[in-house]
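Report on the structure given below.
In this chain, numbering begins with 1 at the start of the sequence shown.
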Amino acid sequence: MRKQIEERLEQLKREFASGQKLLTELEAQQKEVQYTLLRLHGAIQVLEEELAKNQDDSSEPAL
């Protein structure tokens, strides 16, 4: 009985360590995706501002 408990304990410890490793990897991946989304949002904002600026410039009457 003791041997079975010890084996199960070791199995659970391995699964726990594996889960921790996976969680760490997923957190790093999440940070990377958040950074990428932030960069994309900034680029979108700049391009939208440029389009609005160009639209304003083209709507002015030519002298």
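Not counting sequence neighbours, the partners of Glu6 by the salt bridge (charged side-chain N to carboxylate O under 4.0 Å, His left out) test are Arg2. With sequence neighbours left out, the salt bridge (charged side-chain N to carboxylate O under 4.0 Å, His left out) criterion links Glu10 to no other residue.
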Enumerate donor-acceptor pairs with a distance under 3.5 Å from any side-chain N or O in residues 16-45 to protein atoms, sequence neighbours excluded.
{"residue": "Thr24", "atom": "OG1", "partner": "Gln20", "partner atom": "O", "Å": "3.0"}
{"residue": "Thr36", "atom": "OG1", "partner": "Glu32", "partner atom": "O", "Å": "3.0"}

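Gln11 and Arg8 share a donor-acceptor pair across their side chains, judged by distance under 3.5 Å alone.
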